[in-house]
Amino acid sequence: MNPEVSKFDWPDALALGPVTVLTGLEKGKYPHGNSLIVTGDDDVVLIDPSLTVAERGVPVEVNKIFLSHVHEDHIPGMQQLPELPVFCHEEDAVGLSSLDGLMSMYGLPDLVEKNFRREVVNDFHYSPRTNVSTFTDGSSFDLGGVQIQVIHTPGHTKGHSAFLIPEARTAYLGDIELSGFGPYYFDACSSLESFEWSLDRCSDLEAEHFVTFHHKWVISGRDHFLAMLNEFANVITKRELALLRFLKEPRSISDCVAHRFVYRPSVDMQFVDHVETSCAKLHIARMVKDGRVTEVTNGKYRAT
Ligand SMILES: [Zn+2]
């Protein structure tokens, strides 16, 4: 199946048989993203309604919303469809129940959270949903001649899930976004080990087209996808080895935060220190456990 220009009235929309990619602004660069429409004979599902969908509207009548996970940038377009049933993994449903529930998934420091709450409501149109159903790994939905299969891929969030649409030979990867930035596993509900397990799991996905929510967009060809997946996974190893080299001298978590292992030093955003702290703690804990690092004195760590 070859990608085609979609019949939907949407700039840069791409059709993959029963799947249409609603390409977001700048190919889905954050805060935007690439949403999907999956059309069966009985149901039409909108996956991850992006900020671009919130701004442009939905180009076709849909009757269900599916979410790869609950994060601010994957839900803004839901405001266009306030009555529609929403489906997400059971582990992420807390994020749709209330703003407090959503904030509990991030686990941000107080001051950062205060500003982020405002942003989520004002810029990402957050409001709680009541008509929520949950799925689990292996759930399968028949839209009438077209299936959506749920593949639980935790790590980014606890409930993060990929969707396989066999009739379109297409897998939707959500925030396993294959960018050079690498995997993001720094929220309260994230897990480094689960993310690694999920990346391994993605290498078994039987598809020809792989759609990411952000700017890598649509990757066609399984070998091309596997090479990108491998490079994406390698970012985790590179972060860990860079940290290990830095720990040749005894260093504290704050030293690691100041040095930066996730963001470049030039990046000036309010949540950077939080992310760097989380990264340093996660990788140091793992290296202490496997003996590559020891705590030498009062919160200082050194490579063994
Ligand atoms: Zn996300």
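Atoms within a ligand are numbered from 1 in the order they appear, just like the ligands themselves.
Checking His160 against the Zn ion (ligand 1), every N/O/S atom stays at or beyond the 2.8 Å cut-off. At a cut-off of 2.8 Å, His74 is not counted among the residues with an N, O or S atom near the Zn ion (ligand 1). The Zn ion (ligand 1) has an N, O or S atom of Asp175 closer than 2.8 Å.
Salt bridge annotation for Arg117-Asp100: present, with a cationic side-chain nitrogen under 4.0 angstrom from a carboxylate oxygen.
When every heavy atom of Asp42 is checked against every heavy atom of Asn63, the shortest pair comes out as O-ND2, 3.9 Å.
Remark: Arg251 qualifies as a cation-pi partner of Phe246 under the 6.0 Å distance and 45° angle criteria applied to the six-membered ring.
Note: the hydrophobic cluster containing Ile65 does not contain Leu143 (ILVMFWY, side chain heavy atoms under 4.5 Å, direct or indirect links).
Looking only at its N/O/S atoms, His69 has NE2 as the one nearest to the Zn ion (ligand 1). Nearest N, O or S atom of His71 to the Zn ion (ligand 1): atom ND1.
In this structure, Tyr106 has its ring center at least 6.0 angstrom away from the ring center of Phe271.
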